[in-house]
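Here's the structure, in structure tokens; my notes come after.
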Amino acid sequence: MTYGKGDSMERVLLMAVHHQTQTLERFQSSLDELEALTKTAGGEVAGIVTQKRERLHPGTYFGSGKLEELAELVEQEEPLLVISNDELSPGQLKNISNRIGVRVIDRSQLILDIFATRAHTREGKLQVELAQMQYLLPRLYGQGTEMSRLGAGIGTRGPGETKLETDRRHIRRRIDEIKQQLKAVVSHRSRYRERRKANQAFQIALVGYTNAGKSTIFNRVTGNDSLEQDQLFATLDPMTRRMRLPSGFQALLTDTVGFIQDLPTALIAAFRSTLEEVTEADFIIHMVNSAHPDHEQQQATVLKLLTELGADQLPILTVYNKADLLTEDFIASAHPYIQISAFKEEDRRLVMEKVQEMIQEASEFYDTIVPASGGRLLDKLAQETILTKREYNEEMDAYEVSGFVLPNHPLFHQLKGKNEA
């Protein structure tokens with residue numbers, strides 16, 4: 001699928017430095033990811049040039065010999081674009097482009113470009129535009145004229161593409177405008193979250209590296225039909241739906257944007273409010289693609305970002321997905337965990353049972369009597385606590401009810417008080 005004009009894929013060359021601190025496997029995984037990102041953006045990789053270096057060349061990224069090799073490949077393959085695996089300085093972008101004669105973007109701009117095609121909500125579009133503006137502002141020098149002439153293509157799309165003139169004041173003014181508009185949208189989101197909290201809804205956030213299978217499990221346990229694709233960043237705008245655990249306990253499940261290594265700083269800042277859905281959660285399901293050769297690094301990337309968001313103290317269940325694709329024995333590095341294939345109904349049920357088990361472990365047992373006339377309270381207990389017993393006692397004309405309630409739930413003191421009485 002291409003997001004550019006016309007049906008043809010955009011021919012692209014990739015350039016990457018193998019840092020001496022990187023293992024070969026780690027470097028190859030990063031390169032594979034860059035290829036997947038390029039494909040997601042509608043590009044066709046026509047060739048890759050790599051160089052092992054102790055540090056990036058401050059002026060040209062590659063050394064002169066390797067840059068010459070890249071220039072020759074450009075002449076031979078005639079790509080429309082060259083994409084660097086590392087973030088480039090304004091000077092590096094300009095120097096490389098001048099030397100090889102085609103447009104150059106880096107990994108960060110590629111990710112921003114994909115986000116621009118995937119944002120559908122007003123907040124998502126504003127946040128992408130803000131990130132693009134903040135990223136491109138220091139890089140306008142020397143390429144402003146070229147940018148304003150561009151019609152389409154990878155690295156030029158999204159709401160900001162017609163506004164990338166050399167007038168920095170115009171860009172800064174637009175950044176201020178977007179920030180003001182975002183304040184209003186974020187305020188609305190905060191009020192919505194407060195309402196959910198007031199309604200005592202238990203909130204579960206689905207997090208994970210991009211393409212780990214979050215949307216697959218989200219759709220099947222909530223009966224939703226959000227986008228499922230074997231592509232990076234198939235889901236961008238967070239979505240929340242109601243779900244029910246085996247006991248009848250109801251929760252709100254939020255599908256979040258996929259995490260990725262070296263996410264552009266501007267994008268992390270811009271998507272702070274979107275990722276705050278995670279910090280507002282009561283529980284986290286961390287999906288990991290167990291069949292990916294670099295799954296441990298991907299897992300570490302997500303955990304690092306959760307720590308930066310202050311969400312690492314929440315209870316986390318690690319779900320190792322895509323077990324059906326494994327070709328060798330798998331050893332889990334996180335606990336508690338469960339290993340599944342999100343396409344199998346029995347596996348999804350196991351996840352729900354494990355989530356319920358963990359919530360129950362964090363709850364306290366209660367045993368109470370509810371009059372037959374207390375239908376509303378019975379419904380509340382069924383939906384907001386983990387009900388293990390509900391039996392009608394004819395002599396008492398009441399229900400004998402027991403289960404587990406979370407200590408921070410408003411019903412806790414009422415139910416525990418009855419126990420102690």
Side-chain angles (χ1 to χ4, degrees), residues 2-6 8-20 22 27-28 30-114 116 132 135-158 160-161 164-166 262 264 266:
T2 177
Y3 294 99
K5 290 181 180 177
S8 60
M9 302 285 275
E10 194 170 332
R11 283 174 68 76
V12 173
L13 291 180
L14 305 182
M15 59 188 296
V17 164
H18 180 182
H19 303 267
Q20 286 195 338
Q22 281 178 314
F27 174 65
Q28 188 56 51
S30 176
L31 206 51
D32 290 346
E33 192 167 88
L34 185 65
E35 279 199 71
L37 286 165
T38 302
K39 185 181 173 188
T40 297
E44 177 190 15
V45 177
I48 304 171
V49 179
T50 67
Q51 182 177 36
K52 190 163 187 173
R53 290 181 65 89
E54 194 171 327
R55 60 182 66 87
L56 305 182
H57 189 288
T60 54
Y61 183 67
F62 278 162
S64 56
K66 191 58 71 167
L67 196 61
E68 191 61 39
E69 185 185 319
L70 178 64
E72 286 170 9
L73 192 60
V74 165
E75 202 170 314
Q76 181 185 319
E77 295 292 340
E78 299 183 340
L80 293 172
L81 182 69
V82 170
I83 304 174
S84 157
N85 196 30
D86 294 279
E87 193 163 303
L88 299 174
S89 69
Q92 286 170 328
L93 279 166
K94 188 182 176 202
N95 294 339
I96 299 167
S97 184
N98 287 347
R99 175 64 194 87
I100 65 176
V102 294
R103 193 163 60 91
V104 179
I105 66 169
D106 60 27
R107 180 193 181 92
S108 292
Q109 198 170 341
L110 176 62
I111 292 170
L112 286 168
D113 185 70
I114 295 168
Q132 286 180 317
Y135 177 78
L136 287 164
L137 184 60
R139 292 168 172 79
L140 289 173
Y141 174 73
Q143 63 169 5
T145 314
E146 180 200 359
M147 292 300 285
S148 65
R149 279 203 312 264
L150 292 170
I154 297 171
T156 68
R157 295 177 293 232
E161 68 180 281
L164 300 178
E165 286 84 50
T166 50
D262 309 318

Under 4.5 Å between any side-chain heavy atoms of [X] and [Y], yes or no?
{"X": "E77", "Y": "R11", "value": "yes"}
{"X": "L67", "Y": "I96", "value": "yes"}
{"X": "L110", "Y": "L34", "value": "yes"}
{"X": "V49", "Y": "L13", "value": "no"}
{"X": "K66", "Y": "M15", "value": "no"}
{"X": "V82", "Y": "V74", "value": "yes"}
{"X": "T60", "Y": "R99", "value": "no"}
{"X": "D106", "Y": "Q92", "value": "no"}

On a heavy-atom basis, which atom in [X] and which in [Y] lie closest, and how many Å separate them?
{"X": "R107", "Y": "S30", "value": "NH1-O, 3.8 Å"}
{"X": "I114", "Y": "A41", "value": "CG1-CB, 3.8 Å"}
{"X": "S89", "Y": "P58", "value": "OG-O, 4.5 Å"}
{"X": "F62", "Y": "A16", "value": "CE2-O, 3.6 Å"}
{"X": "Q22", "Y": "H18", "value": "O-NE2, 3.1 Å"}
{"X": "P90", "Y": "P138", "value": "CG-O, 3.1 Å"}

_Pair D32, Q28: side-chain N/O donor-acceptor within cut-off below 3.5 Å_ = yes
I83, L14, T40, V12 screened by side chain to side chain contact (heavy atoms under 4.5 Å, CB included) with E35, the one that passes: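 Among the candidates, only L14 passes.
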For the side chain of [X] and the backbone of [Y], is there at least one donor-acceptor N/O pair under 3.5 Å apart?
{"X": "Q51", "Y": "G63", "value": "yes"}
{"X": "S97", "Y": "V102", "value": "yes"}
{"X": "K52", "Y": "Q20", "value": "no"}

Across all chains, not counting sequence neighbours, the side chain to side chain donor-acceptor pair (under 3.5 Å) partners of D86 are H19, Y61
request  = Output the distance between atom OG (S108) and atom CG (N85), rounded to the nearest 0.5 Å.
outcome  =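 The CG atom of N85 is 10.0 Å from OG of S108, to the nearest 0.5 Å.
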